[in-house]
Trainee: 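Take a look at this one; I'll ask things after.
All chains are named by letter (A, B, ...) in the order of the sequence lines, taking the proteins before the strands, and each is independently numbered beginning at 1. All values below come from the heavy atoms of this structure, side chains included, with hydrogens, waters and symmetry mates left out.
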Amino acid sequence: MEHSQNFVLFLVTLNQMITVSVVLIFAGLAGLFSERSGIFDIGLEGKMLISAFFAAAVSFATGNVWIGVLGGIAASMVFALIHGITSITFRGNQLISGVALNFLASGLTVVLGNAWYRKGGQTPTLSGDARFSEITLPFADALRDVPFLGPIYAEVISGHKPLVYVAFALVPLSWWLLYRTRFGLRLRAVGENPASVDTAGISVIRLRFVAVLIAGVLCGLAGAYLSTSQGAAFGREMTAGRGFIALAALIFAKWRPWYLLMATLLFGLLEAISNLFPNIDVFGLFTIPVQFTQALPYILTVVILAGFVGKAIPPRAGGEPYVKER
Amino acid sequence: MDSTTETGRRATAASSAPPAFPSSGSEPPAIELRGISKAFGPVQANKDITLSVARGAIHGIVGENGAGKSTLMSILYGFYRADAGEIFINGERREIHNSQDAIAAGIGMVFQHFKLVENFTVLENVILGAEEGALLRPSLARARDLLTTLAAEYELSVDPEALIEDLTVGHQQRVEILKALYRKADILILDEPTGVLTPAEADHLFRILRNLRDEGKTIILITHKLREIMDITDTVSVMRRGQMTATVKTAETGPEQLAELMVGRKVLLEVEKTPAHPGPAVLEIEDLRVTDESGVDRLKGISLQVRAGEILGIAGVSGNGQSELLEVLGGYRNASGRILLNGIPLDLSGRHSDGQSRRAAGIAHVPEDRQREGLIMEFAAWENIAFGYHNDPKYQKNTLFMDNRALREDTRQKMKHFDVRPPIPRLKARNFSGGNQQKLVLAREIERNPDLLLVGQPTRGVDIGAIEFIHKRIIELRDQGKAILLVSVELEEILSLSDRIVVMFDGRIMGERIPAETDERELGLLMAGVQNGETT
Amino acid sequence: MERLPRWADVFLVPFINLLLAFFVSGLVVLAVGEDPVKAVWVMLKGSLGSTAGLGYTLYYATNYIFTGLAVAIAFHARLFNIGGEGQAAIAGVGVALVLLAANWPHWMLALPFAIIGAGAFGAMWAAIPAYLQARRGSHIVITTIMFNFIAAAVMGFLLNGWLKSPRTQNAESLPFPPGAHLPTAHELLAPLGIGFSKSAPLNISFLLALLCAWLVFLLLWRTRLGYAIRAFGQSESAARYAGISAVRIIMITMLISGALAGMLSINVVMGEQGRLIKEFVEGAGFVGIAVALMGRSHPFGIVLAAILFGMLTQGGFELLWEMPNLSKEMVLVIQALIILFTGALDNMVRAPLERLFLYFNRRKEGAV
């Protein structure tokens, strides 16, 4: 079946959208768990960055990408642990802790990268088993000729790296965990009113640590995806603000899993468009510069934050350290 | 803490350890505390407390604010850990390190500030922490059944699917009791449970408590309202300054004796004042209406007058529009209707409806919550003396700079006039006791010589000595011919200070009374929305 | 009573925090196989060992004083302005527009206008997040972060378009007229007979920074506006009661904050580069957070902290030459650790100290 050029472009854009939104889904879900428990996390960016570096470094060293992913997750969890200790144990300012971790990741990745590889902060390029390869879903080739849906299945849904499918599976899983289990009930309660959880005989501290560590695992996956799936090496500052976009998506989604998926796909689409069509010529009248398309996610985020599109109410105990009182 | 103003009286305190109330028969007491002590930094909140409560009794614990009642109960519930002492439940020694241990020991607690998740349903709140398995559905189903049973048994009905934020305070409290019963509590502690209830709701609560006692539950009621103690308890303990001063049978004591034990000397219940000589109206309010941010009508057409040289007291259970009324008059809440001050209309919205314009118009305001509104706790006393009046020309050195030296001198004067202790202007506000903080606010507002003084909860969290002083100052201002609008949830305070009383309920004025011609019972009915025997 | 004596609160706690941050940084240096003591020595020598080094140190310190003050004044109103980076960048456009608009005869004439340009543009970039916080309640931390990214896009667009110099391939503006050149330390000190490195970019902006620190001090603790800002920052509900307008305080504070961050472009764009380049802020906006935390949001502390960070930055460049296993990003690590320990882990140090002082006080009372 012949596809028109526009249809091909459409497929390519959707394919890109899925590829780039995966990071946002992982990071957004990380933020969801952390913030639903009452711990603000603007350190998503830093956790992703440190994970991206260690995932690439461990992959390179072991030649096995799965071990690399574990390495990335471990690094991210160490950062999550620091965030937990500062904001839960020592009741420090959660925003400042996040800022510090972002800088720590920026600095450490380059210092360690330079010391180990002498490539200006880059890791060596990953190849073979040290990076992920695409999975072709069953029947992708057989169904290719079905009109419209066939190519979408074959080109857009099939043929991604394994972590892509993990990310999309995590959305319903997170929803189920949050709204259908005891753990979810307690997690949501501790973000709304930690005293209610404390007086019910459950440890606020343990619950919040679990949430923060889950955020660590998810950021670890996000970072590992960046350097071993979307790219084939770590490059300095390779997260490029995606942690903040994920945060914005989380706000847009009002801290709910399914809406988060929508928001991340929207931002993913914007990123895909800016990658594929740098300078868009509008009917020959004027050109939309690439900088505008690049800045559009940030501009949209501000518009969303301004509350012109519904009001986003964060978890009520968010950002406040829990202090027992009568 | 109160140490500066009260050291003199400490000597008279009954410091000998009171005998534990003997438990009846051979059955061990439900609760026995031995030698409990707890310090917060330099403050000794509980000192060698010994207490024994028989099973199936309602036991009251009375004491002033800060006497250590809540701390003691928080230790019993595992919220704090005692520095020393032992806890026995049903004759068995228990280590209670956290709420989990307390729940396991069969203790349930209803805190003064409810520990509910506002956007959860009643059911979700009830099962939180006591779920039966990892999945919610079965737990919720079982809880729904149990709630129906409990509702019938103890008059504890609430809609299990309702969101907490949609419930009245009284119903929220029932959810707290249900939470404890769901966890199979045999001992129920209630901390100041009636503070936010209407008299009718309080009566209902007491019925519930009696039902529970008759089923063999043990109940501890913490309060500072002596009437409640006399009404419902079987035995009562009095706490004072961290110590247990007495434990007696309720039937063998009376309010006067309890009050004396509470404060350690005879209490001056009457405030000395001469009859008022009211002049012309200073404040005239007509049809004042307020709708809050969430669209709830808070004031539904208030009209009243305050004349020069009189104190108008506004009685009511908190949350019935008194706070909003003060905020509108103070200039930080928008409203519709008309307010005249000395015959001149005030702006009720827009640029000139703010605290600065109100102060310029001659209104001074002692806010209900001095720590959240009246003072900046991290500012020194001298900085707080300028608070709200920082634009006053007398505090400026020139057009650019403030005159901090003049400010400190002014503070020293005001601290002297109002007996603020310690009289050190550079001390931060948070380092003063509650009473002295309140005196600091009063000094600032009263010395402005305003035409109208708004006073909200003037003696909340204030020690007895300071209460008398504060009341005297308010009456002095009245005698100078100023108009005073007093809002208080303490009926006794309203009755003893006011020249006229209006009662507010649900954003409306329920009625006006003269103190000499009314009593607490009548006012209580009005506060509950009952007018001429009919509920509104 | 106070739990900690004032000297402990103001000096001891930050000092211990700093030590901890340096200690952990030392561990990182060890981890990459270098000698931390040698690294400290290299950094000290590089930053203070020559007039060139000192000149660079104080040049960076100038930037950090500006951005540190910007963060600190916002802190006093309990606003967390992470947008110094973007505000300084956009302020650079203001400076460039002013300096390219005329053939300035003398720097004394050009400087006031450049300051107005920088201040106005920096303030403008802070105004939108401020407005959204004041009127719509949008969290200013997130909006200022977003505005940093938007500023980067704007800079890229302008320097590849309208402002781009036709004489070069690089994304930069035309050079400013020679009359707009600010006197450097070398030029200022030479007439006094003091020899100072010719290559160091330290210029008269350093004095402007000290002046700003003094003005911020006066503003916060001597004026009605400063009183209102601090009151608002301590308690929003109390400010409402006192008739202090939240919208007004948020707007004014953020405008001042943005303008202060913008002053950085006087030092870099006007003082050093002599033209507008794309990434001239180089993270100084973020360093301002560390400086403000370290300096306890007090202008005096900020000047000291800024000099310390100037030493770190300049010393970091020296590391590159002398210790090949270390990169200048080591400074980023140190900076992050200082933010972590002074800003977020303060209680870790404070709580044990409070217990210690309580213990000693009790013993003293016991003795009396």
Trainee: Are F79(B) and F111(B) close enough that their ring centers fall under 6.0 Å?
Mentor: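 Yes - the distance between ring centres of F79(B) and F111(B) falls below the 6.0 Å cut-off.
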Trainee: Looking just at side-chain N and O atoms, do S51(A) and S76(A) make a donor-acceptor pair shorter than 3.5 Å?
Mentor: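 Their side chains do not contain a donor-acceptor pair, so the 3.5 Å distance test is not met.
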Trainee: Just give me the residue among Q100(B), R137(B), K179(B), E131(B) that pairs up with chain A most often, heavy atom to heavy atom, under 4.5 Å.
Mentor: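 Of Q100(B), R137(B), K179(B), E131(B), E131(B) has the most heavy-atom pairs under 4.5 Å with chain A.
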Trainee: Heavy-atom distances under 4.5 Å only: say whether I103(B) touches chain A with side chain, backbone, both or neither.
Mentor: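 Contact with chain A: side chain only.
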Trainee: Tell me, side chain or backbone of R188(A) under 4.5 Å from chain B's heavy atoms, or both, or neither?
Mentor: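 Both backbone and side chain.
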Trainee: Between A104(B), G133(B), G108(B), A130(B), which shows the greatest number of heavy-atom pairs under 4.5 Å with chain A?
Mentor: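 Greatest number of close heavy-atom pairs with chain A: G133(B).
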Trainee: Do S70(B) and D191(B) have a side chain donor and acceptor closer than 3.5 Å?
Mentor: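 Distance-only check passes for S70(B) and D191(B).
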Trainee: Looking only at side-chain N and O atoms, does E161(B) offer a donor or acceptor that is under 3.5 Å from a partner on T121(B)?
Mentor: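 No, no side-chain donor-acceptor pair sits under 3.5 Å.
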Trainee: Among T199(A), T181(A), I202(A), who wins on heavy-atom pairs under 4.5 Å with chain B?
Mentor: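 Most heavy-atom pairs within the cutoff with chain B belong to T199(A).
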Trainee: Answer with yes or no whether the side chains of E192(B) and Q112(B) bring together a donor and an acceptor at under 3.5 Å.
Mentor: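 Their side chains do not contain a donor-acceptor pair, so the 3.5 Å distance test is not met.
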